[in-house]
There are 2 protein chains.
Amino acid sequence: MALRHAVLAALLDEELSGYQVTKAFAAGVANFWHALPQQVYAELARLEKEGLVAGREVVQVARPNKRLFRVTGEGLAELESFASAAAKPSFLREDLLVQVQAADHLDTDVLIDRLTERYAFAEAKAALFEEQLRAMRGERGEAEFLLHGARVGPYLTCRRGRDFERANRDWCRDAVEVLRARREARADS
Amino acid sequence: MALRHAVLAALLDEELSGYQVTKAFAAGVANFWHALPQQVYAELARLEKEGLVAGREVVQVARPNKRLFRVTGEGLAELESFASAAAKPSFLREDLLVQVQAADHLDTDVLIDRLTERYAFAEAKAALFEEQLRAMRGERGEAEFLLHGARVGPYLTCRRGRDFERANRDWCRDAVEVLRARREARADS
DNA sequence: CACGCATACTCATGAAAGTGACTAGTCACT
DNA sequence: AGTGACTAGTCACTTTCATGAGTATGCGTG
């Protein structure tokens, strides 16, 4: 039941349409959570029914009308109580880790392919996060922004996302190196 | 459908009982995947029915009998085909990230409590992984082990787990620092 | 000698998350 | 005039995950 809180958190700083929220949670852009459009719309409907968000219809001319949502007082209270409860730590859960766990029994070439793909993905995503961070802090230096910037929450989560992908990238690089070195060592013997 | 492959990967290096597999996947010990006992047992049953693992009854004297499982040739083939398909990258999905995303609208003290808890947890888990790594490489230095050790797959995934928790720890520390500094800056003004 | 804890599992149920398909209009490009 | 991409969503379905409880035995500690 954390998606509801993730949606609430996303709506805190600005009024967004369901569509915009789905964009924010779409693969590749979400820095602190990920969800599919269907989940987001369903959650928004539930949140509205429970009075945690309020939606208002916005009529548009050259495109479908949309509904903008904002968090209500009750919604904020819900977030407060969510934050006051202990957060359950999550675990790494990646297909690639499973594949590498079995590395000693699988074809090295195939694994190196997977790791190289993931490396590129991680690199791209880290760069994307880095750009978002630059945009958030604007002209200011990071230290200055962290002290006096308006909203640091999104900045901090984005930084975590960036560092996560950097760590993924470095791990992929090292793993490839290890697998290659072992293959050569085997070939020599 | 990755749990099945995670279970297969766990059974590759040694014959294990369902109970032992559940222990390996239990919270806090799993380095590359996490699952509850019920899921593991259910998955093992399915895998056996499909012939990907083979179980054998082991009669014990002072404790309940157990069934040891090993991966069959078909199981290994399944893993191969799993590895040959592109792995879908995962996302960070942590309650704490959601809470920090909303940091600017929530009580700072509460958040610092959460971050401090997570810091301690991450530190403990990183230490645990570090110990496992030491045990795996034994007397050898890391470079030596990575080149000539028998099984590097589990070592590499464990290292990813350790680095992940270290990153969590560092992020928590930095976030607390930022929140404290901002509170003081607010108090001064 | 009662209590909790470890081994070794099973069953039932519900909540959450993920997948695929589908509507419907606008815009730009070919 | 057709294609695909973007906006803005909805419906139906399945898989996965999580929870709590229950069974049975033995072992050590206070």
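Nothing here was measured: the structure is a model prediction, and the numbers come from that model. Chain naming here is simple, since letters A, B, ... match the order of the sequence lines and numbering starts at 1 in each.
Partner assigned to C:dT30 is D:dA1, using Watson-Crick or G-U wobble distances below 3.5 angstrom.
B:Asp188 pairs by the side-chain contact (heavy atoms from CB on, under 4.5 Å) definition with nothing, not counting sequence neighbours. With sequence neighbours excluded, no residue forms a ring pair (Phe, Tyr, Trp, His ring centres under 6.0 Å) with A:Tyr119.
Residue A:Leu36 contributes atom CG, which lies 15 Å from atom C1' of D:dC11 at whole-angstrom precision. Rounded to whole Å, the distance from NE2 on B:His5 to C1' on D:dT16 is 15 Å. Atom-to-atom, CH2 of B:Trp33 to P of D:dA18 comes out at 11 Å; the value is rounded to the nearest Å. Atom CZ in A:Arg46 sits roughly 13 Å away from atom P in D:dT10 (whole-Å rounding). For the pair B:Leu3 CG and D:dT16 C1', the interatomic distance rounds to 9 Å; values are reported in whole Å.
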Inset, instruction - Would you check, one step at a time, whether the test salt bridge (charged side-chain N to carboxylate O under 4.0 Å, His left out) holds for B:Arg183 with B:Asp109? - result: CA-CA 10 Å; B:Arg183 186 167 51 186; B:Asp109 286 323; 2.4 Å; yes
Might you list the N or O atoms of the protein lying below 3.5 Å from N or O atoms in nucleotides 2-12 of chain C, with each pair's distance?
residue : atom : partner : partner atom : Å
C:dT7   : OP2  : B:Tyr19 : OH           : 2.8
C:dA8   : OP1  : B:Gln60 : OE1          : 3.2
C:dA8   : OP1  : B:Gln60 : NE2          : 2.6
C:dA8   : O3'  : B:Asn65 : O            : 3.4
C:dC9   : OP1  : B:Arg67 : N            : 2.5
C:dC9   : OP2  : B:Tyr19 : N            : 3.0

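B:Arg4 CZ to B:Gln39 CD: the interatomic distance, rounded to the nearest 0.5 Å, is 13.5 Å. The line from CG of B:Leu96 to CG of B:Leu111 is 7.5 Å long, rounded to the nearest 0.5 Å.
The residue A:Arg93 sits close only to the backbone: its heavy atoms come under 4.0 Å of sugar-phosphate atoms, none of a base.
Contact annotation: A:Gln39 side-chain N/O to C:dA17 OP1/OP2 distance is not under 4.0 Å.
You'll find the side chain of B:Leu44 reaches within 4.5 Å of the side chain of B:Phe69, heavy atoms only.
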